[in-house]
Amino acid sequence: MKFQAIKGVRDILPPESALWSRVEQSARDVFHSYGYGEIRLPMFEQVELFARSIGQETDVVSKEMYRFEDYELVDLDAERRSLALRHPQIENPSSVYTFFTVAEAVISWLQQSLITGQVPRTPENEGLARELKGLYDESAAKFQLPKYEGTQSDLDLYVDQIRRAALALRLGDSLALRPEATASVVRAYIEHGMHTRPGNVKLYYIGPMFRRERPQKGRYRQFYQIGAELLGPSDHAALDAEVIEMLLAFFARVNLKDAKLYINSIGDKNCRPAYVERLRGELQKVRDKLGADSQRRIETNPLRVLDSKLPEEQPIIDKLPRIAECLCDACREHYAELKRQLALRKIDYEENWRLVRGLDYYMRTTFEITAPGLGSQNAVCGGGRYDGLVELLGGPATTKGIGFAIGTDRLMLSLQEAGAAAKCALDVYIAWMGVQAYPAAVALARKLREHNLSVELPPQEMKFGKSLSLADRLGARFAVIVGEDELAARQFTVKRLADGDQRRLAEADLLEYLTSSRTA
RNA sequence: GUGAGCGUAGCUCAGCCGGUAGAGCAUCGGUCUGUGGAACCGAGGGUCGCGGGUUCAAAUCCCGUCGCUCACCCCA
């Protein structure tokens, strides 16, 4: 087989795709009932947007994003890269000459492009352009004249510096395929001044995200999320509770069994840092009892030690200080109110003090929903509050936010595990006989399709037995028979394939019969 | 990035100790030109992931490589 889907991506085929549509439609319906509108976002953004919101140091940003540079000047890029392939030698004057000729071309091209704006006029780029010019003038004076004054190592030094500066140029925008959508939603919110809209802005999105990581069960490089974000002036815990209620309503709608809700509060920028330090201090004391991964996290991100699944670390982690004890008054009250609000809504939850989120922007409320049948990836949804994010990205400081993202791939796995299956529901197969019946069959097919029935019409005459056999194997619910007898009687014969029940009906009655028996 | 397992027909797999590539399901055709599901008969479909080595002979043994899967890391 010549071509295959690249690592970590896959095709979703019928009939499985029908289940996807159903689930996504359920999300639309439920979210709509809570006043959310769909936002359609671009699939790529500036790298900087993700770096700022998700956190430069997170794995997602530092090593899992699909990044690329987008520039017009493909030729200039090729030319500057060709510098790296040239190795001028002092004893070979023409190689020296060629190198500097190419370098000169790149430099003048670059200067021109900076003026026209085809290459971004950033301070870095302008600095690099000056540096290149300087290096070129110096070295050309030394090496390009009839007598060569420098040594080979001098030359190598210049060549190396020129190459380095040329490659450091940013010829266009640094872009990345989105690894998640919250950053984009917030960017759009700010860009379109949505804080001037009345009340809370409620948005949902459905679509693919991209992370370059090793694929495994329920985890792909192109994966799908269904998410919602609520942005607005209020950070009342009732909003958090309603978001969670909506989420659970959705899971109920798609019949996800045994979903469990876990909640936690991770404090805000006042109280979390103090807790992190205290945690780090306690971890230092038991350092030698921890595994290598956890030891490393003591410095990089102590909160994540709480996530460890190593059995031997569990007793140690159990004794660590809990963030609930360290929350500031405002955060403690917010968390208490969330629990009251959940109780009011009769929502079952379990507090999990070890539930911390990986992304930098979360604060206060965090939550997660797990579902059975997912192997080691049992979280099917995660979310939380991110009150500082809008301000961080340049929007009004008064805008708070909360949201979640459902991992659609994992949700599907769990639903399929539970036996959910979608059939391609073919309503009607038209078994026609004799060329004179064909026009009637074509007309009937169009008529039925206008009424939203799924209709299969064979393109050429088939043996009747074959035709019915095909209807059966296609899973059609009805076969409509069009032959000489039917034409003569101006009626159709319709046969219910499940039990063989068969009747003769005029077109209007047939339509009524088929549409009324359609299962929702 | 690390570790383990697996690559033979569209799918699920057999093929042991090297000796002319198989089964079931699926597809297509026939028995069967106005009644499907069944049965029977037949057909198509494979450079045994790829490359090298050992051998008279390799799907089989050895080495390498690529791919897939699961787990770790991390995360939704």
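Quick note: numbers below take in every heavy atom, side chains included, and nothing from hydrogens, waters or symmetry partners. Residue numbers begin at 1 in each chain, while the letters A, B, ... track the order of the sequences.
- Within the 4.0 angstrom heavy-atom criterion, base atoms lie near A:F223.
- Going from atom CD of A:Q4 over to atom C1' of B:G7 covers 12 Å, rounded to whole Å.
- If you check every strand for non-hydrogen atoms under 4.0 Å, A:D472 touches a base.
- Near-neighbour residues of RNA chain B inside residues 203-215 of chain A, defined by a heavy atom below 4.0 Å, number-ordered: A:R211, A:E213, A:R214.
- Residues meeting the ring pair (Phe, Tyr, Trp, His ring centres under 6.0 Å) test with A:F492, sequence neighbours left out: none.
- For A:F367 and A:Y349, the ring centers are positioned 6.0 Å apart or more.
- B:A76 atom C1' lies 12 Å from atom CD1 of A:I54, rounded to whole Å.
- Around CZ of A:R287, the count of heavy atoms belonging to other residues, nucleotides or ligands within 6.0 Å exceeds 12.
- The same atom, C1', is picked in B:G30 and in B:C48; the two are 32 Å apart, to the nearest Å.
- Not counting sequence neighbours, A:R322 has no partner by the side chain to side chain donor-acceptor pair (under 3.5 Å) test.
- A gap of 23 Å separates the P atoms of B:C62 and B:G67, to the nearest Å.
- Between A:R503 and A:D509 there is no salt bridge, since no side-chain nitrogen of the basic residue lies less than 4.0 Å from a carboxylate oxygen of the acidic one.
- Listed by chain and residue number, nothing satisfies the ring pair (Phe, Tyr, Trp, His ring centres under 6.0 Å) test with A:Y66 (two or more places apart in sequence, or in another chain).
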Next on the checklist: One character per nucleotide, please: for nucleotides 27-35 of chain B, 5' to 3', B when the base has a protein heavy atom closer than 4.0 Å, S when only the sugar-phosphate does, - otherwise.
Outcome noted: SSSSS-SBB
Next on the checklist: Across nucleotides 41-50 of chain B, 5' to 3', mark each nucleotide with B, S or - according to how protein heavy atoms within less than 4.0 Å reach it.
Outcome noted: ----------
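- On the P atoms, B:A21 is 23 Å away from B:C13, given to the nearest whole Å.
- Across the P atoms, B:G5 and B:C63 are found 13 Å apart, a figure rounded to whole Å.
- Rounded to a whole angstrom, the distance from the C1' atom of B:U12 to that of B:U27 is 16 Å.
- With A:S26 contributing its side chain and A:R22 its backbone, the two residues share a donor-acceptor pair below 3.5 Å.
- At a threshold of 4.5 Å between non-hydrogen side-chain atoms, the residues A:L303 and A:Y275 count as touching.
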Item to check | Pairing annotation in dot-bracket form, given for RNA chain B with Watson-Crick or G-U pairs under 3.5 Å and | for cross-strand partners | outcome: (((((((..((((.....[..)))).(((((.......))))).....(((((..]....))))))))))))....
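- Ring pair A:F31/A:F250 is tilted by interplanar angle, where 30° to 60° counts as tilted.
- Straight-line distance from the CD atom of A:Q222 to the P atom of B:A76: 19 Å, rounded to whole Å.
- The CD-C1' distance, from A:E64 to B:C74, rounds to 6 Å in whole Å.
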Report, one line per pair, each donor and acceptor closer than 3.5 Å where one atom sits in a side chain of residues 462-471 of chain A; sequence neighbours left out.
residue : atom : partner : partner atom : Å
A:S467  : OG   : A:Y429  : OH           : 3.2

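- Looking at residues two or more places apart in sequence or on another chain, you find no side chain to side chain donor-acceptor pair (under 3.5 Å) involving A:T408.
- A cation-pi arrangement is not found for A:K202 relative to A:Y204, the charged atom failing to lie both closer than 6.0 Å to the ring centre and inside a 45° cone about the ring normal.
- The side chain of A:Q216 lies closest to B:A71 when the candidates are B:A71, B:C74, B:A76.
- Contacts of A:A498 with the nucleic acid, taken as non-hydrogen atoms under 4.0 Å apart, include base atoms.
- Between the side chain of A:R219 and the base of B:C74, at least one donor-acceptor pair of N or O atoms lies under 3.5 Å.
- Spacing between B:C17 and B:C6 at atom P, rounded to whole Å, works out to 15 Å.
- Comparing the C1' positions of B:G22 and B:G53 gives a spacing of 28 Å, expressed to the nearest Å.
- Mapping A:Y224 and A:G500 onto RNA chain B via the closest heavy atom, the residue that lands nearer the 5' end is A:G500.
- Applying the side-chain hydrogen bond (donor to acceptor under 3.5 Å, both in side chains) rule to pairs touching residues 380-391 of chain A yields A:E229-A:Y386, A:D240-A:R385, A:R385-A:D387, sequence neighbours excluded.
- Residues forming a ring pair (Phe, Tyr, Trp, His ring centres under 6.0 Å) with A:Y438 (at least two apart in sequence, or on another chain): A:W432.
- For the pair A:V185/A:L41, a side-chain contact is recorded, criterion being any heavy-atom separation below 4.5 Å from C-beta on.
- The CG-P distance, from A:L306 to B:C74, rounds to 12 Å in whole Å.
- To the nearest whole angstrom, the two C1' atoms, one in B:C56 and one in B:G18, are 12 Å apart.
- Heavy-atom distances to RNA chain B give each of A:I406 and A:G8 a nearest nucleotide, and the one nearer the 5′ end belongs to A:G8.
- Straight-line distance from the CE atom of A:M462 to the P atom of B:G36: 13 Å, rounded to whole Å.
- Atom OH of A:Y362 is separated from atom P of B:C74 by 18 Å (rounded to the nearest Å).
- Distances shown here put a side-chain N or O of A:K7 below 4.0 Å from the OP1 or OP2 atom of B:C68.
- Looking at residues two or more places apart in sequence or on another chain, you find a ring pair (Phe, Tyr, Trp, His ring centres under 6.0 Å) between A:Y224 and A:W20.
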